[in-house]
**Q** 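The structure under discussion is supplied below as structure tokens; questions concerning it will follow.
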Amino acid sequence: MEKDNQTCVTEIELMGFSDFQSLQVLPFVLVFTFYVMALVGNTLIVIITVTDSTLKTPMYFFLRNLSFLEICYTSVTLPKMLVNLISETQSISFVGCGAQMCFFALFGITECCLLSVMAYDRYMAIRHPLQYTLSMNQMVCARMAAGSWIIGFLVGFGHTISIFTLPFCGSNRIDHFFCDIFPVLRLASMNTHKNEVAITTTTVLFILAPFLLILLSYGLIISIILKMPSADGKHKAFSTCSSHLIVVSLFYGTGTFIYMQPSSEQSQGSNRFLSLVYTVLTPTFNPIIYSLRNKEIRCALRKIIVRKMLPQVTSMG
């Protein structure tokens with residue numbers, strides 16, 4: 001009997017866009033546009049940092065990981081969101097919901113850890129410029145990136161298992177556009193207070209700890225920069241960190257508000273809006289921020305464009 005109860009719900013209805021039933025085309029076009037921009041922008045950064053021999057430093061290794069992560073991150077939620085926007089039924093299978101939640105949490109926590117690693121990398125580049133490439137060698141960078149992915153994997157699967165082993169026999173509707181942790185948890189047919197406390201504690205730990213490491217790294221960076229004698233050196237040091245700081249602000253500004261407050265105090269409307277920013281806008285803006293504020297990325301992109309266009313010009317001549 002208990003086993004039957006645990007399989008009562010076979011699909012989850014995603015009601016996040018139910019307010020836009022009469023305007024489905026507009027949100028579809030907007031989400032589709034941002035999704036394509038995110039895919040193209042992040043794919044370009046991956047290609048540029050792989051093919052350009054001048055971008056083989058640890059900074060670009062981590063940027064390549066971040067861009068690949070953003071491609072995965074957006075692809076977990078946005079394709080299904082686009083399908084639901086043009087479908088009569090806005091639903092996802094129970095198993096599909098579990099998979100979506102698992103990978104969303106996995107990529108989200110991995111990004112938190114990776115952003116803290118990137119902050120540490122900037123600290124090492126400014127604090128020890130002469131020993132930087134030796135200290136942050138390929139093995140060290142690979143281990144740091146792998147550690148970020150492993151932590152994300154453990155947290156993502158841990159959250160999903162703890163939630164989807166609960167009985168789901170009541171409502172199957174959530175006021176969201178993807179299977180996020182707390183909206184799904186509220187559907188469970190039992191008191192989930194202990195689960196909420198455990199999930200919140202774990203989430204706060206793996207969001208707050210990387211954020212504190214970022215703050216520590218940038219506190220040390222600022223103290224080093226302020227001691228630099230030349231204004232030119234200060235400007236150059238700040239410019240290498242500015243893109244990362246903007247990305248961190250976008251990512252943590254929305255994510256912290258959603259996941260670090262008690263579920264009882266969460267407003268569904270504001271959470272849906274912030275989740276949209278978190279899942280759609282942030283991955284789209286990241287490559288734009290890095291390309292606009294990074295001279296080396298812009299130069300590498302121009303070289304690729306010239307190489308692609310030159311054969312065509314030569315053949316026409």
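Reckoned from all heavy atoms, side chains included, excluding hydrogens, waters and symmetry mates.
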**Q** What about M37 and Y35, same hydrophobic cluster or not, with Ile/Leu/Val/Met/Phe/Trp/Tyr joined at side-chain heavy-atom distances under 4.5 Å?
**A**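 In one cluster: yes.
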**Q** According to a hydrophobic-cluster definition based on side-chain heavy atoms being under 4.5 Å apart (Ile, Leu, Val, Met, Phe, Trp, Tyr only), do I221 and L216 belong together?
**A**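 Result: yes, single cluster for both.
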**Q** Does one hydrophobic cluster hold both V83 and I92, with members joined at side-chain heavy-atom distances below 4.5 Å?
**A**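 No: no chain of side-chain contacts under 4.5 Å links V83 to I92.
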**Q** Go through the side-chain N and O atoms of N286 and E70 and say whether any donor and acceptor fall under 3.5 Å apart.
**A**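 Yes - a donor-acceptor pair under 3.5 Å links their side chains.
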**Q** Please round to the nearest 0.5 Å and tell me the distance separating atom CZ of F153 and atom CD1 of I109.
**A**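 Spacing of CZ (F153) from CD1 (I109) equals 14.5 Å.
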**Q** To the nearest 0.5 Å, tell me how far H128 NE2 sits from I224 CD1.
**A**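 Answer rounded to 0.5 Å: 7.5 Å.
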**Q** Centre-to-centre under 6.0 Å for Y123 and Y218, is that the case here?
**A**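 So the answer is no for these two rings.
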**Q** Find the distance between CE (M59) and OG (S243) and round it off to the nearest 0.5 Å.
**A**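 If I round to the nearest 0.5 Å, the distance is 6.5 Å.
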**Q** What's the separation between atom CG in L14 and atom CG in D175, rounded to the nearest 0.5 Å?
**A**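 Spacing of CG (L14) from CG (D175) equals 10.5 Å.
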**Q** Mind checking whether F103 and V95 sit in one hydrophobic cluster, side chains of I, L, V, M, F, W, Y counted as touching below 4.5 Å?
**A**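 Looking at the clustering, V95 is in a separate group from F103.
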**Q** Show, in sequence, the C-alpha distance, side-chain angles and deciding distance for Y132 and T57, and conclude whether the side chain to side chain donor-acceptor pair (under 3.5 Å) test is met.
**A** CA-CA 10 Å; Y132 171 59; T57 62; 5.3 Å; no
**Q** Is it the case that T282 and Y73 place a side-chain donor and acceptor less than 3.5 Å from each other?
**A**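 Short answer, no.
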**Q** Hey, what do you get for CE (M124) to CG (L134), rounding to the nearest 0.5 Å?
**A**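 M124 CE to L134 CG: 9.5 Å, rounded to 0.5 Å.
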**Q** H159 and F157: aromatic ring centres closer than 6.0 Å?
**A**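 Not under 6.0 Å, so no.
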**Q** For E11, is the CD atom crowded, meaning more than 12 foreign heavy atoms sit under 6.0 Å from it?
**A**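 Counting neighbours around CD of E11, more than 12 heavy atoms of other residues, nucleotides or ligands fall under 6.0 Å, so yes.
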